[in-house]
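In what follows, chains carry the letters A, B, and so on, assigned in the order in which the sequence lines appear, proteins first and then strands, with residues in each chain numbered from 1. Note that the structure is predicted; figures quoted are calculated from it, not measured.
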Amino acid sequence: MLLSRGCGILPPSPFADFGQRLPRNSSTISGKKPIYRLGRPRKSSPLSPVSTNTATRRVNMTAQVRVRFAPSPTGALHIGGGHTALFNWLWARHTGGRFILRIEDTDRERSTREYEETILAGMRWLGLDWDEGPDVGGDFGPYRQSERLELYRASASRLVDEGKAYCQDGAVYFRIPAGKTIAWDDVVYGPIEVDGDTLRFDTQNTAPKDLVLLKSDGYPTYNYAVVVDDAGMAINTVIRGEDHIANTPKQILLYEAFGWPVPRFAHLPMILGADKKKLSKRHGATSIYEYRDLGYLPDGAFNFLALLGWSPGDENEICSRREAVELFELSRVTKRAAVFDMQKFAHVNQAHLWRTPPEELVELLRPLWKARGLDPDRFDAAWLARALELLGGRGQTTLEVAEYSDYFLSFDAVTARYDGADLPEETRRSLRPFYAGLLELPTWHHGAMEAYAKQWGEEHGAKMKDLAMPLRWVLTGRKVSPGVFDVAVFLGREEVGRRLGHYRLLPEA
RNA sequence: GGUCCCGUCGUCUAGUGGUCUAGGACACAGCCCUUUCAAGGCUGCGGCACGGGUUCGAACCCCGUCGGGACCGCCA
């Protein structure tokens, strides 16, 4: 007798089970058994063994780790999503496991293919790659929920046939069993126990309310689809935001109703804005792309995101992707929500920025220089690289570096912001002999310039500052720059003469 | 209203009963370097939310209080 027959949205032939597809053993992937710790060793607690009330089946712990990131394509990849994706990726790579990407596009109103592509691009920008997903395929597809509708219907049908679910008002509801205690040992948060009966009522705890599995449009609800998909994709470690802790009991109930092995859960601390509220549009740049456009580097963003809720352990927080993969431990993830601190982000980015080989930096800056109306292609790449080395450490983002280095590429950039009006004619007159002498120095070297400046200053009662600052302004158009003599040496005798001449700081010819 | 989670310098964190007069990083202040600003080095400022208990001993274990957060949808 198939009860599902009376349900319009369910298919006539039920009995969907992923039993055969569930993880057997890790032997399929390279013979070696990955060694890893899942969770820090905890003292025995009254809650463990975790579940006596519920028949919790656990996945085979020696199996290869399979984790997933499952974004909804309803917007660009934001900080929170990037953080979750990053930790999943880190754990997969650390353990030699598989990182699966699944698109949760069951919100028909808001999901678009464009956003999906934007999210994938955002992940690629962060340097995250995945082993299975909508674009690369895999043995557990399809990887878009909108393409898995039959799976949800078939499984729901099975529950209806088994009397664990029922149809009403065109939807399928899961009968939340009474008198259950649901418990799991969260890899990050430790033992969590929930009275299952608290899940059986609506918001005001007045009327009983079961769990909708399939909406009347035939689409699955989130909590249901997640279970069908995670089980079907043989996900054995679910790493996601802490806001999902409250969803976990419902999902465990579904795993149990189906008789599917319950995965390990590892919830990640939330990321908050400076006001300690969940990060949102109000906090400014929230999409990962906004930081890219602000001049942040993928390595910087990666490093900073990794530092939210985790630390490498030693004193140095600046680390490469490789080091992070090596050092990462899920068991070392913290519980407390982390505030997203822009200043620290900028600092971490700066560290990565100036570790980038100058030749690579040149290529990163080329488009930014062009956007500022400069023409880097006119110069030798090696010369530009040396200019950046000269800038050494100044600037926290590529955008800032492009700005701070403009006077190397164009004198127009200098004249546009500095008109020399702060130089009284008298000052000009007294300085002219000095600059004239500078240009005639037998050797065009930093040491020679400095010695000359010192000597000239002593003879004419001028401080080094009085000589150097006007030169800095004339050469760079700024009051801040690398050492002026270094800049002068680098720009060359002729160019320095030209800039001095423009500001009438040389004797009339 | 209910359920759950969290609580170490302003921020990110180390810390799992004695090695903690609590360590590091960002920020801030000062010094060194120096023609400026960075970078770098050094120094300083600053914290175990509170109250009980357990213990010879508690940031760490237990209880309570307070504070913050998440979730309770035919959104994900």
>> I'd like to know if the side chain of A:Thr237 pairs up with that of A:Arg264 as donor and acceptor (distance under 3.5 Å, no hydrogens or angles considered).
In response: no
> B:U35, B:C74, B:C6: which one has an atom nearest the side-chain heavy atoms of A:Tyr189?
Replying inline: B:C6
> The side chain of A:Val194 lies closest to which of these nucleotides: B:A76, B:U35, B:C4?
Replying inline: B:C4
> Under the 3.5 angstrom rule, does the side chain of A:Ser111 hit a backbone N or O of A:Arg108 as a donor-acceptor pair?
Replying inline: no
>> On RNA chain B, compare the nucleotides closest to A:Glu450 and A:Trp310; which residue's is nearer the 5' end?
In response: A:Trp310
>> Could you tell me how far apart A:Glu116 (CD) and B:A76 (C1') are, to the nearest whole angstrom?
In response: 15 Å
> Which part of the nucleic acid does A:Val339 contact within heavy-atom distance under 4.0 Å: base, sugar-phosphate only, or nothing?
Replying inline: sugar-phosphate
> A:Leu253 CG to B:U3 C1': how many Å, rounded?
Replying inline: 14 Å
> Rounded to whole angstroms, how far apart are CZ on A:Arg394 and P on B:G40?
Replying inline: 12 Å
> With both distances kept under 3.5 Å, what pairs with B:C28, Watson-Crick or G-U wobble?
Replying inline: B:G44
> If the P atom of B:U36 is compared with that of B:A25, how far apart are they to the nearest Å?
Replying inline: 26 Å
> Do A:Tyr173 and A:Asp169 have side-chain atoms, one donor and one acceptor, less than 3.5 Å apart?
Replying inline: no
>> Side chains of A:Tyr222 and A:Asp107 only: does a donor on one sit below 3.5 Å from an acceptor on the other?
In response: no
>> Looking only at the side chain of A:Thr198 (C-beta and beyond, no hydrogens), which of the listed nucleotides B:A76, B:U36, B:G2 gets closest?
In response: B:G2
> Say you pick atom C1' in B:C32 and the same atom in B:A38; how far apart are they, in whole Å?
Replying inline: 15 Å
>> Using the C1' atom as the point on both nucleotides, what is the distance between B:A27 and B:G44, in whole Å?
In response: 14 Å
>> Between B:G73 and B:U13, how many Å separate the two C1' atoms, rounded to a whole number?
In response: 37 Å
> What is the distance from NZ of A:Lys463 to C1' of B:U34, rounded to the nearest Å?
Replying inline: 15 Å
>> Judged by each residue's nearest nucleotide on RNA chain B, which is more toward the 5′ side, A:Arg336 or A:Asp195?
In response: A:Asp195
> Is there a donor and acceptor pair closer than 3.5 Å between the side chain of A:Thr221 and the base of B:C74?
Replying inline: no
> What does A:Ser111 touch in the nucleic acid at a heavy-atom separation under 4.0 angstrom: a base, only the sugar-phosphate, or nothing?
Replying inline: nothing
>> Rounded to whole Å, please give me the gap between CG in A:Asn349 and P in B:A39.
In response: 14 Å
Identify all pairs in which a protein N or O lies below 3.5 Å from an N or O of nucleotides 63-71 of chain B, and state each distance.
unit_1: B:G69; atom_1: OP1; unit_2: A:Lys277; atom_2: NZ; d: 2.9
unit_1: B:A70; atom_1: O2'; unit_2: A:Asp243; atom_2: O; d: 3.3

> In whole Å, what is the span from the NZ atom of A:Lys479 to the P atom of B:U36?
Replying inline: 13 Å
> Between A:Gln251 and A:His244, does any side-chain donor sit less than 3.5 Å from a side-chain acceptor?
Replying inline: no
>> Tell me which nucleotide, if any, is Watson-Crick or G-U wobble paired with B:G51 when both distances must be under 3.5 Å.
In response: B:C63
>> Taking any heavy-atom pair under 4.0 Å as a contact, classify A:Ser311: base, sugar-phosphate, or nothing.
In response: sugar-phosphate
> Given that both distances must come in under 3.5 Å, which nucleotide forms a Watson-Crick or G-U wobble pair with B:C74?
Replying inline: none
>> Expressed as a whole number of angstroms, how long is the span from A:Ile192:CD1 to B:C6:C1'?
In response: 11 Å
>> Rounded to whole Å, how long is the line connecting atom CZ of A:Phe485 with atom P of B:U34?
In response: 14 Å
>> Under 4.0 Å, heavy atoms only, any strand: does A:Tyr173 hit a base, just the sugar-phosphate, or nothing?
In response: base
> Backbone N or O of A:Gln343 within a donor-acceptor pair of the A:His347 side chain at under 3.5 Å?
Replying inline: no
> Are any of the side-chain nitrogens in A:Asp105 or A:Arg110 under 4.0 Å away from the carboxylate oxygens of its partner?
Replying inline: no
> Considering every strand shown, what is the Watson-Crick or G-U wobble mate of B:U16 when both distances are under 3.5 Å?
Replying inline: none
> Which is true for A:Leu308 with a 4.0 Å heavy-atom rule: it touches a base, it touches only sugar-phosphate, or it touches nothing?
Replying inline: sugar-phosphate
> Are OP1 or OP2 of B:U34 and a side-chain N or O of A:Lys454 less than 4.0 angstrom apart?
Replying inline: no
>> For A:Phe345 and A:Tyr291, I'd like to know if the aromatic rings sit close, meaning centre-to-centre distance below 6.0 Å.
In response: yes
> Taking the same atom, C1', in B:G23 and in B:G46, what whole-Å distance lies between them?
Replying inline: 14 Å
> Who does B:C4 pair with, Watson-Crick or G-U, both distances under 3.5 Å?
Replying inline: B:G69
> Of all the nucleotides listed (B:A76, B:U35, B:C37), which has the minimum atom distance to the side chain of A:Val480?
Replying inline: B:C37
>> Does A:Pro482 reach a base, just sugar-phosphate, or nothing at all? Heavy atoms under 4.0 Å.
In response: base
>> Treating A:Arg148 as the side-chain partner and A:Tyr143 as the backbone partner, does any N or O pair qualify as donor plus acceptor under 3.5 Å?
In response: no
> Can you list the residues that meet the ring pair (Phe, Tyr, Trp, His ring centres under 6.0 Å) rule with A:His78, with sequence neighbours excluded?
Replying inline: none
>> Using a 4.0 Å heavy-atom cut-off to protein, can you give one letter per nucleotide of nucleotides 23-32 of chain B, 5' to 3': B if the base is in contact, S if only the sugar-phosphate is, - if neither?
In response: SBBSS-----
> So, A:His267 and A:Thr248: side-chain donor and acceptor under 3.5 Å apart, yes or no?
Replying inline: yes
> Taking any strand in view, what nucleotide pairs with B:U21 in a Watson-Crick or G-U wobble way, both distances under 3.5 Å?
Replying inline: none
>> Is it the case that the side chain of A:Arg175 and the backbone of A:Lys164 share a donor-acceptor pair, with hydrogens and angles ignored and the cut-off at 3.5 Å?
In response: no
> Which part of the nucleic acid does A:Gly309 contact within heavy-atom distance under 4.0 Å: base, sugar-phosphate only, or nothing?
Replying inline: sugar-phosphate
>> Please report the distance separating the P of B:A49 from the corresponding atom of B:U55, rounded so that it comes out in whole Å.
In response: 23 Å
